[in-house]
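See structure below.
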Amino acid sequence: MTDFAEIKLSNAQIAWRAAQDIEDGAYVNLGIGFPEMVAQYQVEGREAIYHTENGVLNFGAAPAEGEEDWDLINAGKKAITLKDGAAFFHHADSFAMVRGGHLDVAILGAFQVAQNGDLANWSTGKGVPAVGGAMDLVHGAKRVAVVTDHVTKKGDPKLVAECTMPLTGVGCVTRVYTSLAVIDIEDGHFVLREKLPQISLEELQAVTGGELKVQGTVADLIVPEL
Amino acid sequence: MTDFAEIKLSNAQIAWRAAQDIEDGAYVNLGIGFPEMVAQYQVEGREAIYHTENGVLNFGAAPAEGEEDWDLINAGKKAITLKDGAAFFHHADSFAMVRGGHLDVAILGAFQVAQNGDLANWSTGKGVPAVGGAMDLVHGAKRVAVVTDHVTKKGDPKLVAECTMPLTGVGCVTRVYTSLAVIDIEDGHFVLREKLPQISLEELQAVTGGELKVQGTVADLIVPEL
Amino acid sequence: MDKSCASAAEAVACIPDGATVMIGGFGGSGGPIELIHALIDKGAKNLTVINNNAGNGDVGLAAMIREDMVGKLICSFPKSKDPRAFTERYLDGKIELELVPQGTLAERIRAGGAGIPAFYTPTSYGTDLAKGKPVGDFDGRSYVQERWLKADFALVKGELGDPMGNMTYRLAARNFNPLMCMAARHTIAQVTKLVPAGGIDPEQVITPGIFVNSIVEIANPQQEEVLNREGAVYP
Amino acid sequence: MDKSCASAAEAVACIPDGATVMIGGFGGSGGPIELIHALIDKGAKNLTVINNNAGNGDVGLAAMIREDMVGKLICSFPKSKDPRAFTERYLDGKIELELVPQGTLAERIRAGGAGIPAFYTPTSYGTDLAKGKPVGDFDGRSYVQERWLKADFALVKGELGDPMGNMTYRLAARNFNPLMCMAARHTIAQVTKLVPAGGIDPEQVITPGIFVNSIVEIANPQQEEVLNREGAVYP
């Protein structure tokens, strides 16, 4: 198998690419961990409003160390700050926003994404299970995007014909930003939209578990050094 | 049929009697119209907190004429005032209080009450139908009491074996305060608790549509002139 | 982010014939009179309106009904001091009525906003209003299954608002307004005072801006009850 | 009306062995640490606890679990920086876990408070967490039926409170607290400041007093996150 370690995008670069698709005025929920990086690459001139499950809209960056107020945290239990026009609400209202279709985008991490849009990102099946808000977030947001390395640390595909790990949601993912490509999920198929120009379609297919369809042009995935 | 017009309780007196059973600290919803009179006879030294469907807890008497603020009304669309410790909330929270078992007492009017506790109080079956919060109020409150004349204007029983008018709720009424008696509903039966001393059990039964059971003593229903 | 609109007319211009429109308020309290009147000015036909009531007198919702803009009304209490506009059309079969218990109406609207397609309630079990609805038994008691209510538009009235759509409400004028904000695809709010973003304490926001699409300041809003006591007629 | 209590110890004295107890908070934010510690002082066995998490470190809920007071936990995310107390007991089969998606947990608690015995949600459909639950199809989409959650007691933390039980919350410390107030038979609240009735603007009340049974002022409440960063251990 080809090793793409030299050319693949870093997590920061994947986050940057995902950020380019967030429109001005969008309401966005970023999953805990890697997806949170997307906020750092918000496109100049666009304003996104970030939602966190524990009941805050329009929060901002982390405060300086020592300035934390531990009553003001995000879903990852990290200290946050507020922007002008923020609002607090309880958990039922917060998930009304999630399930009720009020978020424009949710961006999550993944263990596996299947070609029909199934997502597995909450359980490896071992140890203490913990789900948090993941199963809610995959339903309701107008777009459910995933940011992920294209393959596992062992080199196995994370984009698969069918998920083998416990599902987070059925047919819910609309777009995947990987370290090698941008792939939409349409009508039960992976549709390749962008790929690193250094990789051929055949090479990309070889590290992808489901068939990569091509509809029209495949654009070059060009991301700045970060 | 005996005419009890001379001795029967006035609406004010029925309301007074119902008010005697409202405990200190009770959360109470009073139906529009006649039931609202109960608030005027709150027992000295007891504090009841009144709830209105349109989202107010702990409201007080009507303001003086000309002092109304029409954003501050009750379910009957009458202007009200606030007591210290009042709270506003939206309609879903208001009916969460109703259905969720948080009210101690709801007191309503009635067209008919059946011996199994069925209530008919919203529709005569003619004209424009309107239900408001009646069907919600009969569910959830710990006690659902009715204040009513014992018979209709034509002299027909309002306490009946089975309701013939459209139901508001099934098996929901727990106590009825009438112009002649106080009657509990237990296990599908009218149980007579108090009656005007001037009326015999037989006379009362004659104007009551279901069987009046007696368990233990029937107390005299004594209400002051008002 | 600026959801503010220059006028009520501009705010309601997007409402087409045949739309489903939630209108906040309870009786004369909390009704967005200026938005309703702007919609009357614009004109729209065959609307489905969701409101607790059916209007009163000759202004607001009653005037919409009198102008034959409403084909169907979903409400709990279509009676008022002066319900002529609705009553005449209802008895003539010219307006359809879906009568819903008030708490069920509120919960169905909330469910629409919260992504809950159906729920069970004790309300209306065994009554005519439950006819044809599925019944479920839980813990030995019977409940009626009710469906969510959504709308294309909501017209609501707040007190303070900011350009992001955050809102507060005045006294009991809150009522259905925050729920309808959640349940409409496009929520249009009138507020008495539009303040800059940050002008409302985040802890005191009742409707977070995510539920509001456009917001217009109407500095001295009219009150249906007051208009009716003055015998006002619109237009 | 005076629901105020002299001390946390007095407020929690009524909680017996075997009770179901909702505990507000999300991670270190909004947890009623003093009430939890008072309950640890009092002692109670075989509790079913409903909280979003499973405690962190050696204080609060984690300390309750370490003291073997909890027989079952209903939560969405039993992981934290230092989840030892729970993890050890869970892996040893000494504590039962009901894992619920966070939004479903919130909605089930609200349903318990609102008299809604069951509702349908898209969340968890087709996953292991939906196993054994009824499914309903609405408008061409499949949903999972979820049941209400109620409790005997709720322990919550507010910011301002009055003797009638009205409350506000500080920043994001609101989270599950207002919902749990609704869903428990007996809600016990600690607040940073107890003000006289009338001391909270009725428009700014987040939890109306009807949902609260007793309220105790804890003027300088501890914060789980801060305690953990200090390496605190309770008792």
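Within every chain, numbering begins at 1; the chains are lettered A, B, ... in the order of the sequence lines, protein sequences first and strands thereafter.
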Do K131(C) and D128(C) pass the salt bridge (Lys or Arg N to Asp or Glu O under 4.0 Å) test, and can you show the C-alpha distance, the side-chain angles, and the key distance before you say yes or no? CA-CA 5 Å; K131(C) 275 184 184 157; D128(C) 291 349; 3.3 Å; yes
Ionic contact status for E98(C) with R108(C), cut-off 4.0 Å: yes
Is D69(B) in contact with chain C via its backbone, its side chain, both, or neither, using a 4.5 Å heavy-atom distance? side chain
Turns out that what part of I206(C) lies under 4.5 Å from chain B's heavy atoms comes down to neither
By a 4.5 Å heavy-atom criterion (distance strictly below it), what part of N53(C) contacts chain B: side chain, backbone, both, or neither? side chain
In sequence, state the C-alpha distance, the side-chain angles, and the governing distance for H90(B) and Y169(C), and then conclude on ring-ring contact (aromatic ring centres under 6.0 Å, His included). CA-CA 10 Å; H90(B) 61 52; Y169(C) 299 90; 9.2 Å; no
Honestly, the part of T52(B) sitting under 4.5 Å from a heavy atom of chain C is neither
Does the plane of the ring in H91(B) sit parallel, tilted or perpendicular to the ring in F26(C)? Use 30° and 60° as the thresholds. tilted
Among R141(C), K81(C), E224(C), R110(C), who wins on heavy-atom pairs under 4.5 Å with chain B? R141(C)
Just so I understand: if I count every heavy-atom pair under 4.5 Å between each of P129(B), G132(B), G133(B) and chain C, which residue has the most? G132(B)
Yes or no on side-chain hydrogen bond (donor to acceptor under 3.5 Å, both in side chains) for N29(B) and E53(B), after CA distance, side-chain angles and deciding distance? CA-CA 8 Å; N29(B) 184 294; E53(B) 293 95 300; 3.2 Å; yes
R170(C) portion near chain B, given a 4.5 angstrom heavy-atom threshold: both
Under 4.5 Å from any heavy atom of chain B, what part of P122(C) do you find: side chain, backbone, both or neither? both
Which answer fits V128(B), side chain, backbone, both or neither, if we ask what part of it has an atom under 4.5 Å from a heavy atom of chain C? both
Is any side-chain N of the basic residue among K94(C) and D68(C) closer than 4.0 Å to the acidic one's carboxylate O? no
Carboxylate-amine/guanidinium contact D149(B) K8(B), below 4.0 Å: yes
Structural part of R229(C) lying under 4.5 Å from a heavy atom of chain B: side chain
Between the side chain of K158(B) and the main-chain N/O of V113(B), is any donor-acceptor distance below 3.5 Å? no
Looking at chain B, which one of V226(C), I109(C), N175(C) has the largest number of heavy-atom pairs inside 4.5 Å, strictly under? N175(C)
Can you tell which part of T104(C) gets under 4.5 Å to a heavy atom of chain B, answering side chain, backbone, both or neither? both
Per-residue tally against chain B (heavy atom, under 4.5 Å) across G30(C), G31(C), S124(C) peaks at S124(C)
K213(B) and E186(B): CA distance, side-chain angles, deciding distance, salt bridge (Lys or Arg N to Asp or Glu O under 4.0 Å) verdict: CA-CA 10 Å; K213(B) 302 252 180 190; E186(B) 290 180 8; over 6 Å; no
Quick check on the interface: out of C75(C), A172(C), A106(C), who has the most heavy-atom pairs with chain B under 4.5 Å? A172(C)
Sort out for me which of A75(B), G55(B), C172(B) touches chain C most, counting heavy-atom pairs under 4.5 Å. A75(B)
CD of E162(B): more than 12 outside heavy atoms within 6.0 angstrom? no
With only heavy atoms counted, which part of F176(C) is less than 4.5 Å from chain B, the side chain, the backbone, both or neither? both
Give a yes or no answer on whether the side chain of E67(C) reaches the backbone of M69(C) with a donor-acceptor pair at less than 3.5 Å. no
Give the member of P78(C), A173(C), G27(C) that has the highest number of heavy-atom pairs under 4.5 Å with chain B. P78(C)
